[in-house]
Amino acid sequence: MGTHHELSINVGEEVIALDPEGYLVERGRWTPEVANALAEREGRTLEPAHREVIEVIRSFYATYELSPAMRPLVKAVGQALGPEKGRSIYLMRLFPDSPAKVAARLAGLPKPTNCL
């Protein structure tokens with residue numbers, strides 16, 4: 001496949017490349033504006049509640065160098081944001097489908113390894 005088939009998003013003047021599943025090709029290109037553009041591409045709107053989870057998952061990645069699957073994500077969110085937010089039901093409401101995958105994608109991180 002040629003590179004002209006790559007997916008991308010436009011953020012200001014920049015074109016940011018995405019892999020076939022919509023994850024950033026270069027993690028270093030992530031900014032909060034990139035998160036907005038990724039969310040928009042998926043028909044999502046990022047509220048402060050989404051952003052705080054994105055911050056937690058980015059901090060988890062900075063510590064462990066991997067994107068958390070659902071269980072570690074729930075635990076990390078609970079530790080960072082309190083027990084009422086550290087529940088799968090809360091994360092499912094914010095990020096329907098697959099919270100771990102969606103949050104990682106919006107946070108500019110690679111797909112969690114044990115998520116299908």
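The model shown is predicted, which means the values in this text are computed figures rather than measured ones. Just so you know, these numbers use all the heavy atoms, side chains as well, and skip hydrogens, waters and symmetry mates.
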Side chains of Arg51 and Asn36: donor-acceptor distance under 3.5 Å anywhere? yes
Short N-O contact, Arg44 and Asp97, less than 4.0 angstrom: yes
Student check: side-chain heavy atoms of Thr45 and Glu40 closer than 4.5 Å: no
State, yes or no, whether a side-chain contact exists between Asp19 and Leu7 at a heavy-atom distance under 4.5 Å. no
Within-4.5 Å side-chain heavy-atom neighbours: Met70 and Leu91: yes
More than 12 heavy atoms from other groups under 6.0 Å of CD on Glu84: yes
Which pair of heavy atoms, one from Pro68 and one from Pro72, lies closest together, and at what distance? CB-CB, 3.9 Å
To check you understand the geometry: which heavy-atom pair defines the closest contact between Gly22 and Leu38, and what is its length? O-CD2, 3.8 Å
Compare every heavy atom of Val102 with every heavy atom of Pro96, then report the nearest pair and how far apart it is. O-CG2, 4.0 Å
Does CD in Glu42 sit with more than 12 non-hydrogen atoms of other residues, nucleotides or ligands closer than 6.0 Å? yes
Out of curiosity, Ser59 OG to Gln79 CD, how far, rounded to the nearest 0.5 Å? 10.0 Å
For a 4.5 angstrom cut-off between non-hydrogen side-chain atoms, does Lys85 reach Glu52? yes
Note: Ala100 and Pro112 closest approach over all heavy atoms is O-CG, 3.7 Å
Separation of Ile9 CD1 from Leu18 CG (nearest 0.5 Å): 5.0 Å
Please evaluate residues Lys75 and Arg71 with respect to the criterion side-chain contact (heavy atoms from CB on, under 4.5 Å), reporting the C-alpha separation (whole Å), side-chain torsions for both, the decisive distance (0.1 Å), and the verdict. CA-CA 6 Å; Lys75 189 174 176 197; Arg71 209 171 266 132; over 6 Å; no
Does the side chain of Arg29 reach to within under 4.5 Å of the side chain of Val34, using non-hydrogen atoms? no
Kindly indicate whether the side chain of Val53, heavy atoms from C-beta on, has any atom under 4.5 Å from the side chain of Leu106. no
Main-chain N/O of Tyr23 paired with Arg105 side-chain donor or acceptor, under 3.5 Å: no
For residues Arg58 and Leu109, determine if any side-chain heavy atom of one lies less than 4.5 Å from a side-chain heavy atom of the other. yes
Pair Val74, Tyr90 - check side-chain contact (heavy atoms from CB on, under 4.5 Å), show working. CA-CA 9 Å; Val74 168; Tyr90 177 78; over 6 Å; no
Between Trp30 (side chain only) and Leu24 (backbone N and O only), is there a donor and an acceptor less than 3.5 Å apart? no
Given the rule in the side-chain contact (heavy atoms from CB on, under 4.5 Å) test, do Ile57 and Val77 qualify, once you have shown the distances and angles that lead to the verdict? CA-CA 8 Å; Ile57 199 171; Val77 168; over 6 Å; no
So does Lys101 pair up with Glu21, basic N to acidic O under 4.0 Å? no
Would you say the side chain of Thr113 lies within less than 4.5 Å of the side chain of Leu66, judging by non-hydrogen atoms? no
Counting only N and O atoms by type, is there a donor-acceptor contact under 3.5 Å from the side chain of Ser67 to the main-chain atoms of Pro110? yes
Roughly how far apart are Leu94 CG and Ile89 CD1, rounded to 0.5 Å? 11.5 Å
